[in-house]
*Asks:* 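Got a structure for you, written out below as structure tokens; questions coming shortly.
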Amino acid sequence: MPHQGLLLFRMAPLGMLLGMLMTSCFTFCLSHKNSEFALTNPEERSTKETERKETTAEEELDPKVLEVFHPTHEWQALRPGHAVPAGSHVRLNLQTGAREVKLQDEDKLRNNLKVLKKGKRLDINTNTYTSQDLKSALAKFKEGADMESSKEDKARQAKVKRLFRSIEELKKDFEELNVVIETDMQIMVRLINKFNSSNSSLEEKIAALFDLEYYVHQMDNAQDLLSFGGLQVVINGLNSTEPLLKEYAAFVLGAAFSSNPKVQVEAIEGGALQKLLVVLATEQSLTAKKKVLFALCSLLRHFPYAQQQFLKLGGLQVLRSLVQEKGMEVLAVRVVTLLYDLVTEKMFAEEEAELMRETSPEKLQQYRQVHLLPGLQEQGWCEITAHLLALPEHDAREKVLQTLGALLATCRDRYRQDPQLNRTLVTLQAEYQALAALELQDGEDEGYFWELLGSINSLLKELR
């Protein structure tokens, strides 16, 4: 008995050692057999699972094994590996977690296709295309592949070529047009020839003058008219026996004379001034005399030599007869305006010479030879101008008042001896006081009638 107890006591450590060794071997084998039971980082483990799932999904969606799913108007579950045609309605069922598909309603589909109707689209049958086909088409689009090889595209290109010409053909046509385009000079030569031709009718001659007037408004064109004798042809038209030809010839001359000294000089040398005065002095229609007076004013303004010749030829007497002629009241205001312009023009020339401290400039010397104010006093223009205040138009009264003021230094004694002028001024003063008061009520401190009232008051003060 003691012997057995001693034996058991000695074998106990050996059993413990053997048990520990077996436990170590079992743990080592388990760790090498299944790595999932090994101690690992949780994040790395999650990443590996995600990659494994994506790989599985890609294998399931491989275009080679895709099967086209044909939906209906009812919701149906969509299984993995099915391709859905374009335009289908797909949703995720939140209760079951499955994807479901059906065809769109006709109304919604029609609304979605409105935009497509605006442009021309290819007729694509979505049931016959896989995802691989779409990828291939997208690659060709990016590479800029030319898809216009069909018969329809060729027919469209041919139609465009028939409807439109190439740029080379257009350039050729423009070159041909440039050959036949006329310059203003060529047009004026053609119009003068038509006017001067004995084969042209009266209507054709009038039309030629009417068109010519448009071109001679430009200073260069009016001067070009001198180079081929066109101006003299038009001046000679004032001698025509046809009243309309006289009227339109004067119309052209008035446009050519305006602010064009070179043409004015040629016109004086060509006898235009004498012919214009003759037409005004003879019996003519009102419209004809309007255009002739327009030409005369254009010739005299800013041309002191022509003003000298005008006085020598009895121009003031011609204008006086024109103003006193019955039915010519409209021309009377224009004549008074011309006289005012001529008087103030000479005054401004003298003031300019004083400011420039020029004792004998050529322009001033020419104006000093124009004795206009003495001629106006001698021809009775002081009384004629004063009596024009009886005109009813405010604009006409304004111009007459301006001329009375310009002639005041010369006609002061005549004005004081004219009782009718004083009565007219007093009557107009009362009228324009009332009109000026109405302007003040409307908020106009210095309106049109206020200025006219000021001119009347100044004239009355000078005549007292």
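Note that this is a predicted model, so its numbers are computed, not measured. The figures that follow rest on heavy atoms only: side chains count, while hydrogens, waters and symmetry mates do not.
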*Asks:* Roughly how far, to the nearest 0.5 Å, is the OH atom of Y340 from the CG atom of L401?
*Replies:*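 So the gap between those two atoms works out to 11.0 Å.
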*Asks:* Would you say the side chain of W450 lies within less than 4.5 Å of the side chain of D445, judging by non-hydrogen atoms?
*Replies:*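 No. Closest side-chain heavy atoms not under 4.5 Å.
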*Asks:* Counting C-beta onward and ignoring hydrogens, is there a side-chain heavy-atom pair between Q218 and D184 closer than 4.5 Å?
*Replies:*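 In short, these two side chains touch, coming nearer than 4.5 Å.
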*Asks:* Out of the candidates H394, E398, E439, only one should pair with Y448 under the side chain to side chain donor-acceptor pair (under 3.5 Å) rule; please name it.
*Replies:*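 Per the side chain to side chain donor-acceptor pair (under 3.5 Å) rule, the option paired with Y448 is E398, out of H394, E398, E439.
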*Asks:* Among V279, L280, V335, V318, find the residue that satisfies the side-chain contact (heavy atoms from CB on, under 4.5 Å) test when tested with L296.
*Replies:*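 Of V279, L280, V335, V318, side-chain contact (heavy atoms from CB on, under 4.5 Å) with L296 is met by L280 alone.
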*Asks:* Under a 3.5 Å distance rule, please check whether S227 uses its side chain to pair with a backbone N or O of D224 as donor and acceptor.
*Replies:*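 Judged by distance alone, yes, a pair lies under 3.5 Å.
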*Asks:* Return the CG to CG distance between L245 and N236, rounded to the nearest 0.5 Å.
*Replies:*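 Rounded to the nearest 0.5 Å, the CG-CG separation comes to 12.5 Å.
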*Asks:* With K291 as the cation and F251 as the aromatic partner, state whether NZ or CZ is under 6.0 Å from the six-membered ring centre and within 45° of the axis.
*Replies:*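 Yes; both conditions hold, so K291 lies above the ring face of F251.
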*Asks:* What disulfide bond (SG atoms under 2.5 Å apart) pairs are there with at least one residue in residues 200-318, not counting sequence neighbours?
*Replies:*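 Sorted result for residues 200-318: empty, none.
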*Asks:* How far apart are the closest heavy atoms of L322 and K289, and which atoms are they?
*Replies:*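 Taking every non-hydrogen atom into account, CD1-CD, 3.7 Å.
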*Asks:* Any side-chain heavy atom of L338 sitting closer than 4.5 Å to one from R334?
*Replies:*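 They are not in side-chain contact.
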*Asks:* With a 4.5 Å limit on heavy-atom distance, are the side chains of R397 and E431 in contact?
*Replies:*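 With C-beta onward as the side chain, the pair touches.
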*Asks:* What's the shortest heavy-atom distance between S298 and G254, and which atoms?
*Replies:*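 Looking at all heavy atoms of both residues, the closest pair is OG-O, 3.3 Å.
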*Asks:* Does a side-chain N-to-carboxylate-O contact under 4.0 Å join E462 and R412?
*Replies:*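 Looking at E462 and R412, the cut-off is met.
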*Asks:* Using side-chain contact (heavy atoms from CB on, under 4.5 Å), reason through K159 and R156 one step at a time and then give a plain yes or no.
*Replies:* CA-CA 5 Å; K159 182 178 179 181; R156 181 176 58 82; 5.6 Å; no
*Asks:* Which atom pair, heavy atoms only, marks the closest approach of L404 to Y415?
*Replies:*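 Taking L404 first and Y415 second, the nearest heavy atoms are CD2-OH, 3.1 Å.
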*Asks:* Please step through side-chain contact (heavy atoms from CB on, under 4.5 Å) for the pair Q324 and I384, ending with a clear verdict.
*Replies:* CA-CA 9 Å; Q324 294 175 343; I384 295 173; 3.8 Å; yes
*Asks:* Does a side-chain heavy-atom distance below 4.5 Å link L319 with F310?
*Replies:*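 Yes. Closest side-chain heavy atoms under 4.5 Å.
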*Asks:* Is there side-chain contact between N422 and L460, with heavy atoms separated by less than 4.5 Å?
*Replies:*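 Side chain of N422 against side chain of L460, heavy atoms only: contact under 4.5 Å found.
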*Asks:* Nearest 0.5 Å, what's the NZ-CG distance between K194 and L212?
*Replies:*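 The distance works out to 11.5 Å.
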*Asks:* For the pair Q232 (side chain) and G229 (backbone), establish whether a donor and an acceptor sit closer than 3.5 Å, ignoring hydrogens and angles.
*Replies:*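 Not confirmed, Q232 side chain does not pair with G229 backbone.
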*Asks:* Is a side-chain donor or acceptor of Q186 paired with a backbone partner of T183 at a separation under 3.5 angstrom?
*Replies:*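 Yes: the side chain of Q186 pairs with the backbone of T183.
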*Asks:* Apply side-chain hydrogen bond (donor to acceptor under 3.5 Å, both in side chains) to residues Q264 and Y305 and explain how you reach the verdict.
*Replies:* CA-CA 10 Å; Q264 288 175 325; Y305 178 76; over 6 Å; no
*Asks:* Spell out, as yes or no, whether a donor-acceptor pair under 3.5 Å connects the side chain of Q308 to the backbone of Q366.
*Replies:*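 Between the backbone of Q366 and the side chain of Q308 there is a qualifying donor-acceptor contact (under 3.5 Å).
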*Asks:* If I take atom CD from residue E446 and atom CD from residue E451, how far apart are they, to the nearest 0.5 angstrom?
*Replies:*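 Separation between the atoms: 7.5 Å.
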*Asks:* Donor-acceptor pair, distance only, cut-off 3.5 Å: does the side chain of R320 make one with the backbone of G380?
*Replies:*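 Not at all, since once roles are kept as given, no pair shorter than 3.5 Å links the two residues.
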*Asks:* With side-chain contact (heavy atoms from CB on, under 4.5 Å) as the criterion, how do L421 and R414 come out once you've worked through the C-alpha distance, each side chain's angles and the decisive distance to 0.1 Å?
*Replies:* CA-CA 10 Å; L421 174 60; R414 301 286 182 92; over 6 Å; no
*Asks:* What distance do Q369 atom CD and K346 atom NZ have between them, rounded to the nearest 0.5 Å?
*Replies:*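 Nearest 0.5 Å value for the CD-NZ distance: 10.0 Å.
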*Asks:* List the atom of A250, the atom of A295, and the distance in Å for their closest heavy-atom pair.
*Replies:*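 Scanning both residues completely, I find the closest heavy atoms to be O-CB, 3.5 Å.
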*Asks:* Quick check for you: to the nearest 0.5 Å, what is the distance between Q307 atom CD and H302 atom NE2?
*Replies:*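 If we round to the nearest 0.5 Å, Q307:CD and H302:NE2 are 9.0 Å apart.
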*Asks:* On a heavy-atom basis, which atom in G270 and which in I235 lie closest, and how many Å separate them?
*Replies:*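 Where G270 meets I235 most closely, the heavy atoms are O-CG2, 3.9 Å.
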*Asks:* Checking V233 now: which residues fulfil side-chain contact (heavy atoms from CB on, under 4.5 Å) with it, not counting sequence neighbours?
*Replies:*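 In terms of side-chain contact (heavy atoms from CB on, under 4.5 Å), with neighbours along the sequence ignored, V233 is linked to I192, F195, N196.
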*Asks:* Can you find a heavy atom in the side chain of V263 that is under 4.5 Å from one in the side chain of L225?
*Replies:*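 Heavy-atom side-chain distance check fails, nothing below 4.5 Å.
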*Asks:* Show your working on side-chain contact (heavy atoms from CB on, under 4.5 Å) between V333 and V400 and close with a plain yes or no.
*Replies:* CA-CA 7 Å; V333 178; V400 172; 5.7 Å; no
*Asks:* Is any side-chain heavy atom of V323 closer than 4.5 Å to a side-chain heavy atom of L331?
*Replies:*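 A side-chain contact is absent here, since even the closest heavy-atom pair is not under 4.5 Å.
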*Asks:* What is the minimum heavy-atom distance between Q223 and N260, and which atoms define it?
*Replies:*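 For Q223 versus N260, the nearest heavy atoms are NE2-OD1, 3.1 Å.
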*Asks:* Within a radius of less than 6.0 Å around CZ of F228, do more than 12 heavy atoms belonging to other residues, nucleotides or ligands occur?
*Replies:*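 Count over threshold, so yes.
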*Asks:* Surrounding CD of E350 (heavy atoms of other residues, nucleotides or ligands, distance under 6.0 Å), is the total greater than 12?
*Replies:*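 It does: E350 CD has more than 12 such atoms within range.
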